[in-house]
Amino acid sequence: MEVKARAPGKIILSGEHAVVHGSTAVAASIDLYTYVSIQVLPSTENDDRLTLQLKDMALAFSWPIGRIKESLSSLGGPFPSTPTSCSTASMKLILALVEEQNIPEAKISLASGVTAFLWLYTSILGFKPATVVVTSELPLGSGLGSSAALCVAFSAALLACSDSVNVDMKQQGWLIVGESELELLNKWAFEGEKLIHGKPSGIDNTVSTYGNMIKFRSGNLTRIKSSMPLKMLITNTKVGRNTKALVAGVSERTLRHPDAMNSVFNAVDSISKELANVIQTPAPDDLSLTSKEEKLEELMEMNQGLLQCMGVSHASIETVLRTTLKYKLASKLTGAGGGGCVLTLLPTLLSGTIVDKVIAELESCGFQCLIAGIGGNGAEICFGASS
């Protein structure tokens with residue numbers, strides 16, 4: 001039997017960096033997905049293997065089941081209903097299995113994702129031979145939650161294979177995972193994220209698991225739902241950034257200018273709260289929708305100005321801002337800044353011709369442009385073929 005799962009990426013609509021200093025932030029899912037397909041194979045006892053194929057990277061990793069069992073049988077399990085952290089001892093054993101694959105130096109950043117996969121697979125499914133295939137619409141390392149979407153999709157597919165997710169296997173198409181199972185799935189995905197990032201906030205995997213939007217402040221997450229269709233142009237500048245260094249830079253600026261920066265953080269907090277309220281307020285007609293979109297544009301522009309005050313913009317981001325402003329479109333960076341991605345709100349009544357012109361101009365700068373719906377479903381699974 002083949003099980004497929006998909007999980008969305010995420011954006012920060014408002015509040016990045018300021019959230020570290022106690023402000024409210026708002027994150028949302030996007031309808032760009034990571035897909036995982038698992039085909040559990042019958043055991044032959046001769047050539048049983050666990051194979052992981054990363055289609056977009058043209059990479060494949062394969063381990064004899066006997067080798068995995070020999071290395072990890074001391075871990076016990078599987079224990080699909082009990083999300084468990086990977087201990088230091090277990091991590092060493094898994095890293096040895098990953099190192100045997102001789103991942104190319106240029107792709108060594110993928111090693112943490114392969115490590116998370118092995119932990120999740122053996123913890124949830126044990127030592128069954130299988131072929132696992134991963135594809136993704138999310139650019140890696142760009143602040144769109146690609147690693148969280150991977151962990152959520154892995155967890156969803158594995159839990160479905162272990163019968164820990166209660167859905168009707170006879171139904172066709174993508175099925176939304178039930179509320180109680182989503183909590184289990186989210187906990188497993190968080191364990192995978194810890195293996196990739198060390199100390200993740202849990203925001204990315206929560207948005208990817210549940211979809212829609214979340215408001216968060218000081219570790220408290222509140223799920224919210226948009227009452228309006230939102231579409232964004234996401235421009236990937238392809239400029240890499242050091243998130244830790246950017247966060248540290250904001251903290252250093254705060255030490256130098258505590259009063260001014262606290263005012264900045266308070267303003268961001270107000271923007272995030274207002275943005276969440278606008279998004280949740282019903283828009284019964286086009287006039288109401290246009291009014292709400294204009295408010296969101298202003299809030300995005302204000303948030304971007306405050307991010308510039310924090311010192312986390314970048315020449316590539318400013319290029320995107322200037323380009324979209326020519327077409328009277330509002331933009332802001334999303335995530336850590338210093339490169340990465342920029343969001344541009346695409347109003348409902350905006351003509352496709354203008355969107356095409358904006359994209360052409362941005363792509364001529366070497367940027368990658370993606371159009372995404374905001375605030376859709378979270379993790380979904382299907383059995384057999386899907387579209």
Side-chain angles (χ1 to χ4, degrees), residues 3-10 27 29 34-36 38 40 50 52 68-69 71-95 97-98 111-128 130 132 134 145-167 175-212 214 216 219-223 377-381:
V3 174
K4 294 183 180 180
R6 69 178 184 183
K10 75 92 182 53
S29 63
T34 291
Y35 298 83
V36 169
I38 298 182
V40 178
L50 174 60
L52 173 64
I68 297 175
K69 195 179 291 188
S71 183
L72 304 180
S73 59
S74 61
L75 305 184
F79 33 87
S81 60
T82 313
T84 306
S85 297
C86 183
S87 67
T88 304
S90 301
M91 172 75 97
K92 288 179 181 176
L93 297 172
I94 291 173
L95 284 175
L97 290 171
V98 174
S112 60
V114 178
T115 301
F117 163 71
L118 281 174
W119 172 249
L120 292 171
Y121 190 94
T122 53
S123 298
I124 296 172
L125 269 192
F127 306 110
K128 296 179 180 178
V132 181
V134 178
S146 59
S147 67
L150 179 68
C151 290
V152 172
F154 274 149
S155 300
L158 290 166
L159 288 168
C161 287
S162 73
D163 297 326
S164 298
V165 172
N166 184 24
V167 293
L175 309 173
I176 298 173
V177 180
E179 191 74 20
S180 59
E181 288 95 344
L182 282 174
E183 184 179 356
L184 175 66
L185 194 166
N186 193 36
K187 287 178 179 176
W188 270 121
F190 185 58
E191 293 304 330
E193 274 276 83
K194 288 199 291 192
L195 290 172
I196 295 174
H197 291 299
K199 292 183 178 179
S201 66
I203 291 163
D204 287 14
N205 54 277
T206 300
V207 174
S208 186
T209 298
Y210 291 98
N212 295 311
I214 62 170
F216 53 101
N220 296 315
L221 308 185
T222 305
R223 290 164 58 192
N377 291 339
E380 297 175 305
I381 58 177

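Computed from a predicted structure; not experimentally measured.
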| Is there side-chain contact between L72 and L97, with at least one heavy-atom pair below 4.5 Å? | yes
| Taking atom OG of S147 and atom CD1 of I196, what is their separation to the nearest 0.5 Å? | 4.5 Å
| task | Among residues two or more places apart or on two chains, list those pairs meeting salt bridge (Lys or Arg N to Asp or Glu O under 4.0 Å) that have a residue in residues 196-207. | result | K10-D204
| Salt-bridged, K187 to E191, with N to O below 4.0 Å? | no
| remark: In this structure, OG of S208 is separated from CD1 of I203 (nearest 0.5 Å) by 13.5 Å
| Distance (rounded to the nearest 0.5 Å) between L52 CG and F117 CZ | 5.0 Å
| message | Is it the case that the side chain of Y121 and the backbone of F154 share a donor-acceptor pair, with hydrogens and angles ignored and the cut-off at 3.5 Å? | response | no
| request: Scan for salt bridge (Lys or Arg N to Asp or Glu O under 4.0 Å) pairs involving residues 79-91, sequence neighbours excluded, and state none if there are none. | output: none
| message | I need the L184 CG to I124 CD1 distance, nearest 0.5 Å. | response | 7.5 Å
| task | Considering non-hydrogen atoms only, spot the tightest contact between P80 and S162 and give its length. | result | CB-OG, 3.8 Å
| said: For N377 versus I176, what's the shortest heavy-atom pair and its separation? | reply: ND2-CD1, 3.7 Å
| note | A157 and A5 have their tightest heavy-atom pair at N-CB, 3.6 Å
| remark: CZ of F79 to OG1 of T122, rounded to nearest 0.5 Å, is 7.0 Å
Sequence neighbours left out, cut at 3.5 Å: what donor-acceptor pairs do the side chains of residues 87-94 make with other protein atoms?
from, atom 1, to, atom 2, distance (Å)
S87, OG, S90, N, 3.1
S87, OG, S90, OG, 2.9

| Interatomic spacing from CG in L185 to CZ in F190 - rounded to 0.5 Å | 14.5 Å
| query | Which heavy-atom pair separates N186 from N205 by the least distance, and what is that distance? | reply | OD1-ND2, 2.8 Å
| Nearest atoms (heavy-atom pairs only) where W188 meets L120 | O-CD2, 3.4 Å
| request: Look only at the side chain of W119 and the backbone of S85, and say whether a donor-acceptor pair between them is shorter than 3.5 Å. | output: no
| task | Determine, stepwise, if the pair L50 / L118 fulfils side-chain contact (heavy atoms from CB on, under 4.5 Å). | result | CA-CA 10 Å; L50 174 60; L118 281 174; 4.1 Å; yes
| remark: Smallest heavy-atom separation, P8 atom then A149 atom, equals O-CB, 3.6 Å
